[in-house]
Amino acid sequence: MEQKTSDDKILEQLNTVLGTRHKNQSKIHLQRKVKKDAKIESQNTEKPQNDDTMQNSDILTPRVVKRPDKSPKVKITFLGGVGEIGKNMTAIEYGDEMIVVDCGMSFPDDDLPGIDVVTPDITYLIQNKNKLKAFVITHGHEDHIGSIPFVLSDVNVPIYASRLTLGLIENKLKEYPKLKYKLVAVRPRQVLKIGNFAIEFIHVNHSIAGSLALAITTPCGTIVHSGDFKIDFEPVTGETTDLTRLAEIGKRGVNLLLCESTNVCRPGYSMSESKVGRVMDSIFEKHPNNRLIIATFASNIQRMQQILDLAEKYKRKVAFSGRSMLNVSEVASKLGELKYNKDNIIDIDKISKYEDKEILIMATGSQGESMSALSRMASGDFKGIELGENDCIILSSSPIPGNEKSVYGLINTLFKKGADVIYDELADVHASGHACQEEIKIMHKLIKPKNFVPIHGEYRHLKQHKELAIAMGCDPKNIILPDLGMQIEMSKTSIRTCGYVQAGMRLVDGSGLGDLTSAVLKDRKQLSEEGVCVAVVNLSSESGQLQSDPFVITRGVVYNDEADDFNQDARSHLSQLLKGYDLKDMDQTELKNVVRRSISSFVFKRTKRRPLILTVVLMS
């Protein structure tokens, strides 16, 4: 028997409604598509009053909507770097294949005591580890590579990046000898085929060499990921952002642009790195007899190159100070990215053999980090270096959002030491590596994307970038403001949000990993804000009675001049409390809970604080 089509079924329903006269009626041409559920609207299915006069033209055909497109789509998941600065990570998948762009970290805020590093929550990657094919890294800054050692233990796949970026990653991975890894170098304009993805690497300017944008061709169209970029028409290396190739890709057609937003609130163009070199030259010239100390980002190899060239020009020996400064200079030198006369480099311990005018110290600490080389010099904790009036200190950086207090505190300390301090508000000693508004407009103009998602920035940056894109002619309906964990589906014609996955932070504490729900972190916050109170009860193992008066000690609860009286009152309170209990048959856990509740109540009534309460029961 011939199988009925959907049209046959609908005609059968119509004939039933219209009466038996029309059972053998020939098929009627349907003027409209069939509805999704193939149900006829009630007004179209009422039985006619006069079957004899009913004509074919009077038959009402049902309305239907187009069935949803179930063809495979590209899915983009934002695991970091949106609504925040740092820990950049974006997963792109098609079918059973996934690549991840960048694997960054961020530094902890003040409300994360004792935490060393913050990394993205990679639960989604672990759940889909069978799909994951590669990490593709845009450049070698910590907010793009810093999480790699903590991620590879869970999802170990090849890592693709430029030579310098891989050198920095490999140097980092040396600290984790048990990790196995595969690093693959790529170059600008190379096309890498990974399953259904064809990834082209495009040279861009940034504050570190080897920076790349990505053009990712998928079955649903091309995605351009800008990475971190600027358009520097006077680059130190002589190579500007590859605008020609970006224009060619834009002309070919781009379905989605993912573009960084860090400096979208700044009008105009970013300053050229070459101008920093010229300003530095004038500072060297104006301070011929001073000892020069320059603090900058260790990863800014182009700036390091300019400073090393100036040191040689003005006949100064260079001493590197700070672990990252030493590591990066060594890696960059081996790869040929940093070129200098090795005879001009001395160990930091040997600077006392030279006059101040013969010395240049390149140090870490431009962000006021407490354990950095410059901060230790400022506090007098750096062996062999005592800062004074003959020191000229240059902070060749600008404060990262959130670091302002630390940076300006460091500057104040340096001034109090008598040093001459030069920083970005006083001279052009720093150039941002991120595109300002006009450069971002150029990127949009060249790429001409159908759809747009701003990335790499706090929400205010993403919102401002959306407005800029609209001003550039992008349809607001084709723009999505991403959030952590958000997933976007991209078809050949459109993009849409399709849900959320688990995302957020993993906290690195020494060699351990945790999350915001960790009891350890909660205890640390309580200790830092409320202090600690320890109560010790000594019982006889035979009689169960107190062997001695309870002992109470506090730290961070009351001031020193009040501590003795307070602790004595707490002991008396505890002694009085325990007299009302039969301690012989009392369970130790129950006794600890009684003591904890009572001491907590006593401390709160006296101080309005809720310190961490520790109770100890000794049996003797």
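Between the side chains of Asp424 and Ser398, no donor-acceptor pair of N or O atoms lies under 3.5 Å. Side chain to side chain, Ser106 and Glu84 fail the donor-acceptor criterion of an N or O pair below 3.5 Å. A donor-acceptor contact closer than 3.5 angstrom links the side chains of Arg303 and Ser396. In this structure, a donor-acceptor pair under 3.5 Å is absent between the side chains of Gln190 and Tyr160. A donor atom on one side chain and an acceptor atom on the other are found under 3.5 Å apart for Asn205 and Thr241. Side chain to side chain, Glu260 and Ser226 fail the donor-acceptor criterion of an N or O pair below 3.5 Å.
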Open item on the list: Working note: Met362 + Met304, criterion side chain to side chain contact (heavy atoms under 4.5 Å, CB included); need CA distance, chi angles, decisive distance, verdict.
Closed with: CA-CA 9 Å; Met362 291 186 65; Met304 287 176 66; 3.6 Å; yes
Task: Stepwise side chain to side chain contact (heavy atoms under 4.5 Å, CB included) test for Val100 and Leu125 - done: CA-CA 9 Å; Val100 172; Leu125 299 187; 3.7 Å; yes
TODO: Output, in order, the C-alpha distance, side-chain angles, deciding distance and verdict of side chain to side chain contact (heavy atoms under 4.5 Å, CB included) for Ile223 and Val74.
DONE: CA-CA 10 Å; Ile223 302 170; Val74 171; 4.1 Å; yes
- [ ] For side-chain hydrogen bond (donor to acceptor under 3.5 Å, both in side chains), just list the numbers for Glu439 and Ser270, CA-CA rounded to whole Å, side-chain angles, deciding distance to a tenth of an Å, and then say yes or no.
- [x] CA-CA 8 Å; Glu439 295 154 276; Ser270 60; 2.8 Å; yes
Open item on the list: Using side chain to side chain contact (heavy atoms under 4.5 Å, CB included), reason through Val501 and Gln487 one step at a time and then give a plain yes or no.
Closed with: CA-CA 7 Å; Val501 302; Gln487 288 191 310; 3.5 Å; yes
TODO: Step by step, work out the salt bridge (charged side-chain N to carboxylate O under 4.0 Å, His left out) result for Glu97 and Lys133.
DONE: CA-CA 7 Å; Glu97 297 170 340; Lys133 305 302 179 186; 5.8 Å; no
TODO: Could you check Glu93 against Asn128 for side-chain hydrogen bond (donor to acceptor under 3.5 Å, both in side chains), going step by step and ending with a plain yes or no?
DONE: CA-CA 10 Å; Glu93 57 187 296; Asn128 294 274; 5.7 Å; no
- [ ] Evaluate the salt bridge (charged side-chain N to carboxylate O under 4.0 Å, His left out) criterion for residues Arg189 and Asp242: first the C-alpha distance (whole Å), next the side-chain angles of each, then the deciding distance (0.1 Å), finally the verdict.
- [x] CA-CA 9 Å; Arg189 296 207 176 192; Asp242 195 347; 2.9 Å; yes
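Within a 6.0 Å radius of CG in Asp96, no more than 12 heavy atoms belonging to other residues, nucleotides or ligands are found. The 12-atom threshold is not exceeded at NZ of Lys339, counting heavy atoms of other residues, nucleotides or ligands nearer than 6.0 Å.
Without hydrogens or angle criteria, Arg506 side chain to Asp121 main chain gives no donor-acceptor distance under 3.5 Å. The backbone N or O of Asp232 sits less than 3.5 Å from a side-chain atom of Thr240, completing a donor-acceptor pair. No donor-acceptor distance shorter than 3.5 angstrom exists from the side chain of Ser147 to the backbone of Phe150, with no hydrogens or angles considered. A donor-acceptor pair is defined here as one N or O able to donate and one able to accept, closer than 3.5 Å; no such pair exists between the side chain of Ser207 and the backbone of Asn300. At least one donor-acceptor pair closer than 3.5 Å links the side chain of Lys129 to the backbone N or O of Asp154. Ser491 contributes a side-chain N or O that, together with a main-chain N or O of Ser494, makes up a donor-acceptor pair within less than 3.5 Å. The backbone N or O of Lys73 sits nowhere less than 3.5 Å from a side-chain atom of Glu489 that would complete a donor-acceptor pair. Looking at Asp228, its side chain never comes within 3.5 Å of a backbone N or O of His139 through a donor-acceptor pair. Panel note: side chain Asp102, backbone Thr138; a donor-acceptor pair is recorded below 3.5 Å. Gln302 places no side-chain N or O within donor-acceptor distance of the main-chain N or O of Ile208, the cut-off being under 3.5 Å.
You'll find the side chain of Thr119 stays beyond 4.5 Å of the side chain of Met505, heavy atoms only. Side-chain contact between Thr218 and Tyr94: absent, with no pair of heavy atoms (C-beta onward) separated by less than 4.5 Å. Annotation: side chain of Val407 is in contact with side chain of Leu395 (closest heavy-atom distance under 4.5 Å). Here the side chains of Met89 and Ile122 are in contact, with some heavy-atom distance below 4.5 Å. With contacts defined as side-chain heavy-atom distances shorter than 4.5 Å, the pair Val453/Ile479 does not qualify. Proximity of Leu374 to Leu410: side-chain heavy atoms (C-beta onward) are separated by under 4.5 Å at one or more points. Residues Pro482 and Phe78 form a side-chain contact, since some pair of their non-hydrogen atoms from C-beta on lies under 4.5 Å apart. Counting only heavy atoms from C-beta outward, the side chains of Leu308 and Val318 approach each other to under 4.5 Å.
Distance check: Asn327 CG to Asn171 CG gives 4.5 Å after rounding to the nearest 0.5 Å. To the nearest 0.5 angstrom, Leu246 atom CG is 10.0 Å from Leu257 atom CG. A distance of 5.0 Å separates CD1 in Ile455 from CG in Leu258, rounded to the nearest 0.5 Å.
The shortest non-hydrogen separation linking Gly504 to Leu484 is CA-CD1, 4.5 Å. For the residue pair Ala319 and Ile348, the shortest heavy atom distance occurs at CB-CD1, 3.8 Å. Between Gly146 and Met105, the shortest heavy-atom contact is CA-CG, 3.3 Å. Considering all non-hydrogen atoms of both residues, Ala198 and Val191 come closest at CB-CG1, 4.2 Å. Nearest approach of Ile85 to Gly457, heavy atoms of both residues: CD1-CA, 4.0 Å. The nearest pair of heavy atoms linking Gly167 to Val331 is C-CG1, 3.7 Å.
Between Arg245 and Glu200 a salt bridge is recorded (basic side-chain N to carboxylate O distance below 4.0 Å). Ion pairing between a basic and an acidic side chain is recognised when a charged N comes within 4.0 Å of a carboxylate O; Asp428 and Lys275 show such pairing. Comment: Lys182 does not engage Glu170 in a salt bridge, judged by the lack of any side-chain N to carboxylate O separation of less than 4.0 angstrom. Salt bridge present: Lys334 and Glu330 bring a charged side-chain N and a carboxylate O closer than 4.0 Å. Glu438 has a carboxylate O that lies under 4.0 Å from a charged side-chain N of Lys441, or vice versa, which qualifies the two as a salt bridge. Taking the charged nitrogens against the carboxylate oxygens, Glu467 and Lys463 do have a contact shorter than 4.0 Å, which makes a salt bridge.
Remark: aromatic rings of His434 and His461 are distant, center separation not under 6.0 Å. The ring of Phe297 has its center no closer than 6.0 angstrom to the ring center of His141. Side-chain rings of His206 and His144 stay apart, their centers remaining 6.0 Å or farther from each other. Note: His465 and His456 fail the aromatic proximity criterion, with ring centroids not under 6.0 Å apart.
Among residues two or more places apart in sequence or in another chain, the ring-ring contact (aromatic ring centres under 6.0 Å, His included) test is passed with Phe201 by none. Taking His203 as the reference, nothing meets the ring-ring contact (aromatic ring centres under 6.0 Å, His included) condition, with sequence neighbours excluded.
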